[in-house]
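In what follows, chains are A, B, ... by sequence order, proteins preceding strands, each numbered from 1. As the structure is a prediction and not an experimental result, all values here were calculated from the model. Just so it is clear, the values below take in all heavy atoms, side chains as well, and ignore hydrogens, waters and symmetry mates.
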Number of protein chains: 2
Amino acid sequence: MTAVTASSHPFDRAVRLETVDAGTVRGATDPDWANMVGPFGGITAAALLRAVESHPDRIGDPLALTVNFAAPITDGEFDICLRAARTNRSNQHWVLELRQGDEVKTTATALFGLHRDTWADDESHPPSVPAPEEVEPGAFVDAIVWAKRYDMRFTDGPVPLRAVEPSESSTTTLWVRDAQGRALDFAALACLSDVFFPRVFLRRGRFLPAGTITLTTYFHVDQSEIDAAGSDYLLASAHANRFSRGYFDQSAHLWSRAGRLLASTHQLVYFKD
Amino acid sequence: MTAVTASSHPFDRAVRLETVDAGTVRGATDPDWANMVGPFGGITAAALLRAVESHPDRIGDPLALTVNFAAPITDGEFDICLRAARTNRSNQHWVLELRQGDEVKTTATALFGLHRDTWADDESHPPSVPAPEEVEPGAFVDAIVWAKRYDMRFTDGPVPLRAVEPSESSTTTLWVRDAQGRALDFAALACLSDVFFPRVFLRRGRFLPAGTITLTTYFHVDQSEIDAAGSDYLLASAHANRFSRGYFDQSAHLWSRAGRLLASTHQLVYFKD
């Protein structure tokens, strides 16, 4: 087996994958990225993206990633089976499955492709907020280990750490960066696309059982824009559209400090209330 | 082989599937749903959803569907291979592939699940527009055959049928319903989630090469809300967030005339300019 990465940063450790064969890599959960049950969904998304990035057949940059959280991943090793279902001139469609033993825990599809120069415009509107240096560091509850990996500064809709009045808005906006100053890469951006707590917590003013079941992220950037973001804060904002009969959707956007939209990300979440 | 549906409406004809074996159904493209190249992406999404809906192992209602358009589907028969990668107590994760011969043309994942009564709220804001009866019927270009299947009434951002000034907004809003009054079902809602022409046409004021490469739809409704929509107009609105180096994203929402959000849908589109 070949070690694909070897850095000792908690993120690199958590997405370290060893090649088992041409269609399988092996990783392991990391206690630094623990969620309430199993690992943080974002780190699973990052490992899946990294599996494609580090595959010898891969062409181009990540364009889209959909991750379906089928069952909780238990602590320990996991295998990611992946194959390019289709390779075109300028893009490539991947199909992935994360397994533990005989059980499918996660399914995913990933789209990679080449960038080329075209007309361009950013129509998105980052919310107007104070600079991160003017905002106090925020917190998740202590039990959410992975949240300690990030420096988070909420400007709207922070975690309701104790029961509060239900909010009429499901919007959360925060500045967020790696707590140890690790520079952004595509896998880290995939991870950050799941950085938001469940929107229903805000609407109900308290915690309740909820979890992402499917997550889709669109990457708007090439490597040079990723590099330009460096280890600086990103502005992240999420809202829900509709809560109905056990499920709600979330749409979110991640901007560089300079106001460029780096990723659009959407998810469906189950909840009980 | 067993015919799953037998109606003669163009939609039902296009999503008619015959069972080949426990993991394969067979369909065929329909000239009534032709796009510039191959069939309309929406009808492919509908056929994939219908494949799961009509599978004997399926539980619950459609919650999410991701379709990756890997290569153009050629006119004629296609096979959809599908399997439940994971069945939980209340939801089920499907993996699908549409093939013609040995070639993968489309990959997809679908999430189905049970609905249960919970707290509910619709936070979405349908745009304020005139009633459909007060809006003139609109048109796509004649070459887009599938568009004739719908009665479309644009209230914002119509198709630039001849070259016009580039718009500063990528937003299109329209009332839309089946042209023959066919009542809504989940597959028809999946189809409508791709009813928008490429946003870049508005921003550039003209047609140019563009095509959806991945489409994700979240269904916010159960069967009773689908039935309540009947054959009435839906309000559909789409916008792009960022156009960059050959790709842009689109987010869209579909509401009932009563203003209930039926689906949120997102896609990534390639373009050349």
Chain A interface, residue from [options] that has the most non-hydrogen pairs under 4.5 Å:
options                        : result
B:E168, B:H239, B:Q92, B:E225  : B:E225
B:A70, B:A71, B:G246, B:S90    : B:A70
B:H253, B:K105, B:H125         : B:H253
B:T87, B:V95, B:L114           : B:L114
B:S170, B:A240, B:S244         : B:S170
B:F248, B:F271, B:Y270, B:Y218 : B:Y218

By a 4.5 Å heavy-atom criterion (distance strictly below it), what part of [X] contacts chain A: side chain, backbone, both, or neither?
X      : value
B:T216 : both
B:L111 : side chain
B:D249 : both
B:R86  : side chain

Inset, instruction - For B:E123 and A:S169, indicate whether the former's side chain and the latter's backbone hold a donor-acceptor pair under 3.5 Å. - result: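 No; zero donor-acceptor contacts below 3.5 Å.
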Legend entry - Sidechain-backbone polar pair: B:N241 side chain, A:S264 backbone, donor-acceptor under 3.5 Å: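 No; judged by distance alone, with no hydrogens or angles, the pair does not exist.
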Inset, instruction - Taking the six-membered ring for Trp and the single ring otherwise, decide whether the centroids of A:H115 and B:Y247 are under 6.0 Å apart. - result: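 A:H115 vs B:Y247: aromatic centres under 6.0 Å.
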Measuring from atom [atom1] of [X] to atom [atom2] of [Y], what distance do you get when rounded to the nearest 0.5 angstrom?
X      : Y      : atom1 : atom2 : value
A:F243 : B:T118 : CZ    : OG1   : 10.0 Å
A:H266 : B:H266 : NE2   : NE2   : 4.5 Å
A:D273 : B:R116 : CG    : CZ    : 10.0 Å

Inset, instruction - Heavy atoms only: give me the nearest B:I213-A:H93 pair and the separation to one decimal. - result: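 Heavy atoms only, the tightest pair is O-CE1, 3.8 Å.
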Inset, instruction - Would you name the heavy atoms of A:V104 and B:A85 that are closest together and state the gap between them? - result: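 Taking every non-hydrogen atom into account, CB-O, 3.6 Å.
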Inset, instruction - Could you please spell out the steps behind the side-chain contact (heavy atoms from CB on, under 4.5 Å) verdict for B:T107 and A:W94? - result: CA-CA 9 Å; B:T107 67; A:W94 291 84; over 6 Å; no
Inset, instruction - Evaluate side-chain contact (heavy atoms from CB on, under 4.5 Å) for B:R204 paired with A:D121, printing each intermediate quantity in order. - result: CA-CA 11 Å; B:R204 303 301 279 160; A:D121 189 56; over 6 Å; no
Legend entry - Result of checking A:D61, A:D122, A:D222 against B:R245 for salt bridge (Lys or Arg N to Asp or Glu O under 4.0 Å):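 Output: one option passes, namely A:D222.
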Inset, instruction - Would you please say whether a donor-acceptor pair under 3.5 Å links the side chains of B:N68 and A:T109? - result: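 Short answer, yes.
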Legend entry - Region of A:T214 in contact with chain B, defined by heavy-atom distances below 4.5 Å: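 Looking at A:T214, backbone and side chain both touch chain B.
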Inset, instruction - Select, from A:A120, A:A64, A:G113, the one with the greatest count of heavy-atom pairs under 4.5 Å involving chain B. - result: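 Maximum pair count with chain B is reached by A:A120.
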Legend entry - Among the listed options A:K272, A:R203, A:Q267, the residue most often paired with chain B at heavy-atom distances under 4.5 Å: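 Answer, by heavy-atom pair count under 4.5 Å with chain B: A:R203.
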